[in-house]
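Heads up: the structure comes next, in structure tokens.
A, B, ... follow the sequence lines: proteins, then strands. Residue 1 opens every chain. Quick caveat: nothing in here was measured; it's all calculated off a predicted structure.
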Number of protein chains: 2
Amino acid sequence: MTQQLVFRAIADPTRRSIMTMLSSGERSLSDITAAFEMTRPAVAKHLNILREGGLVRVRKQGRERLHRLQPEALKTVSEWLSFFDQFWDEKLANLKQSVEMDDE
Amino acid sequence: MTQQLVFRAIADPTRRSIMTMLSSGERSLSDITAAFEMTRPAVAKHLNILREGGLVRVRKQGRERLHRLQPEALKTVSEWLSFFDQFWDEKLANLKQSVEMDDE
DNA sequence: ATAATATGAAACCTTTCAGTTTCTCTTTAT
DNA sequence: ATAAAGAGAAACTGAAAGGTTTCATATTAT
């Protein structure tokens, strides 16, 4: 299932950090690597996993590969989350309240 | 960081499935195990990880331990997600549209 | 042409993870 | 009192994850 690849991708703190970084614009592998204390191949692997999860797209430009955030893929997570909205205490309290109001 | 424990917890499909199951009410370890094709200790480990992520609370009742969903812990994920809202194409389009409307 | 830059890819290592089996403990039912 | 049910914990296994080093390839700059 491809949904799993998104959850997998966002499970790692380094990858979430990369996502934040890419939110301000396209970056090359070297650029991204400079911001982390790990080797280039390690970062490249993280980017691959982000790509597999659909969270990042790559564009080739000369000898560089520019990575761009693809936040639409987060919709999967968002939808999963929304299922649980109805079970939040606050929501339940609100619902309870409105039910009580209906009684009056 | 405790935030990481939530992301870790929801990364596994079995654990997400357990969460869905618990959304309909408290369940004992044996109950939950019956719904999966794995041994009881395996499920117990998943429940521990969910507990570490704050997503599940346990209540002791007799010889049973009843597990209850604690969906408030998902707020962490929800807030993380919301940061990326502004980068969604749709949102950007909407924003752009409202800006254009302001010009008129 | 040659050197430097940017990256891909393979091989390897170590740790974590998901799962099992086995044993023990506590609580209830007979 | 004894047996059965529910669960915790430890030891082990295989696979996946995160990382490194090393080598090869494509593109740009001198």
Side-chain angles (χ1 to χ4, degrees), chain A residues 1-22 25-70 73 77, chain B residues 1-22 25-70 73 77:
Chain A
M1 199 191 281
T2 188
Q3 180 191 355
Q4 172 54 20
L5 293 181
V6 182
F7 282 96
R8 179 203 180 201
I10 67 171
D12 185 272
T14 299
R15 287 194 287 271
R16 291 198 303 277
S17 186
I18 290 177
M19 287 179 66
T20 303
M21 188 178 186
L22 292 182
E26 286 183 328
R27 296 286 157 81
S28 73
L29 173 56
S30 299
D31 277 355
I32 301 169
T33 301
F36 294 91
E37 294 195 332
M38 65 182 77
T39 60
R40 187 181 50 69
V43 174
K45 283 188 184 179
H46 282 305
L47 286 168
N48 279 335
I49 291 173
L50 284 169
R51 223 174 8 80
E52 286 169 10
L55 289 161
V56 158
R57 282 194 61 186
V58 187
R59 182 167 68 91
K60 204 174 170 186
Q61 191 184 40
R63 60 184 163 186
E64 290 187 334
R65 319 243 325 196
L66 298 180
H67 301 78
R68 182 178 34 178
L69 188 65
Q70 206 73 9
V77 181
Chain B
M1 198 191 280
T2 188
Q3 181 190 355
Q4 171 55 19
L5 294 181
V6 181
F7 282 96
R8 179 203 179 201
I10 66 171
D12 184 271
T14 299
R15 287 193 288 270
R16 292 198 302 278
S17 186
I18 290 176
M19 287 179 66
T20 303
M21 190 179 185
L22 291 183
E26 288 183 326
R27 295 286 158 81
S28 72
L29 172 56
S30 297
D31 276 355
I32 302 168
T33 301
F36 294 90
E37 294 195 333
M38 65 183 76
T39 60
R40 188 181 48 70
V43 175
K45 283 188 184 178
H46 282 305
L47 285 169
N48 280 335
I49 292 174
L50 285 169
R51 222 173 9 82
E52 285 167 12
L55 289 161
V56 159
R57 280 193 62 186
V58 187
R59 181 168 69 89
K60 202 173 169 188
Q61 191 184 39
R63 61 184 164 187
E64 290 187 334
R65 318 241 331 192
L66 297 180
H67 301 78
R68 181 177 35 178
L69 188 65
Q70 207 74 10
V77 181

After noting the C-alpha distance and the side-chain angles of His67(B) and Val56(B), does the key distance pass the side chain to side chain contact (heavy atoms under 4.5 Å, CB included) rule? CA-CA 6 Å; His67(B) 301 78; Val56(B) 159; 4.0 Å; yes

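- In this structure, CD1 on Ile10(B) lies 5.0 Å from CD1 on Ile10(A), to the nearest 0.5 angstrom.
- For Leu29(B) and Glu37(A), each mapped to the nucleotide of DNA chain D holding its nearest heavy atom, the one lying further toward the 5' end belongs to Leu29(B).
- Leu22(B) contributes atom CG, which lies 11.0 Å from atom CD of Gln70(B) (distance to the nearest 0.5 angstrom).
- Rounded to whole Å, the distance from CZ on Phe36(B) to P on dG19(C) is 10 Å.
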Go through Ile18(A) and Leu47(A) one step at a time and tell me if the side chain to side chain contact (heavy atoms under 4.5 Å, CB included) criterion holds. CA-CA 8 Å; Ile18(A) 290 177; Leu47(A) 286 168; 3.9 Å; yes

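- Between the P atom of dA18(C) and the CD1 atom of Ile18(B) lies a distance of 11 Å, rounded to the nearest Å.
- Contacts of Arg65(A) classified as side-chain hydrogen bond (donor to acceptor under 3.5 Å, both in side chains), with partners at least two apart in sequence or in another chain: none.
- The CG atom of Leu50(B) lies 11.0 Å from the CZ atom of Arg16(B); values are rounded to the nearest 0.5 Å.
- We find that CZ of Arg51(A) is positioned 8 Å from P of dG8(C), with the value rounded to whole Å.
- Of all nucleotides listed (dA18(C), dT22(C), dT7(C)), dA18(C) comes nearest to the side chain of His46(B).
- Mapping His67(A) and Ala42(B) onto DNA chain C by nearest heavy atom places His67(A) closer to the 5' end of the strand.
- For the residue pair His46(B)/Arg15(B), the side-chain donor-acceptor check at 3.5 Å is satisfied.
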Output side-chain donor-acceptor pairs under 3.5 Å for residues 29-45 of chain B, partner residues at least two apart or in another chain, one line each.
residue: Thr33(B); atom: OG1; partner: Leu29(B); partner atom: O; Å: 2.8

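- Atom CD of Glu64(A) is separated from atom P of dT7(C) by 5 Å (rounded to the nearest Å).
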Using a cutoff of under 3.5 Å, can you pull out all pairs of nitrogen or oxygen atoms linking the protein to nucleotides 24-28 of chain C, with atom names and distances?
residue: dT27(C); atom: O2; partner: Arg63(B); partner atom: NH1; Å: 3.3

Dot-bracket encoding of pairs in DNA chain D, which uses [ ] for pseudoknotted crossings and | for another strand, Watson-Crick or G-U under 3.5 angstrom: ||||||||||||||||||||||||||||||

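- Among the atoms of the strands shown, base atoms are found under 4.0 Å from some heavy atom of Thr39(A).
- Nearest heavy-atom pair across Leu55(A) and Ala73(A) is CD2-CB, 3.7 Å.
- Here the closest heavy-atom approach between residue Gln4(A) and residue Ala11(B) is recorded as NE2-O, 3.0 Å.
- With a heavy-atom cut-off of 4.0 Å to chain A, the contacted part of DNA chain D has its first and last nucleotide at dA17(D) to dT28(D).
- The salt bridge (charged side-chain N to carboxylate O under 4.0 Å, His left out) pairs that include a residue from residues 46-60 of chain B are Arg8(B)-Glu52(B), Glu26(B)-Arg59(B), where partners are two or more places apart or lie in different chains.
- Taking atom CG on Asn48(A) and atom C1' on dG8(C), their separation rounds to 9 Å, with Å as the unit.
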Scan nucleotides 12-17 of chain C against the protein and return all N/O pairs shorter than 3.5 Å with their distances rounded to 0.1 Å.
residue: dC17(C); atom: OP1; partner: Arg8(B); partner atom: NE; Å: 3.3
residue: dC17(C); atom: OP2; partner: Arg8(B); partner atom: NH2; Å: 3.4

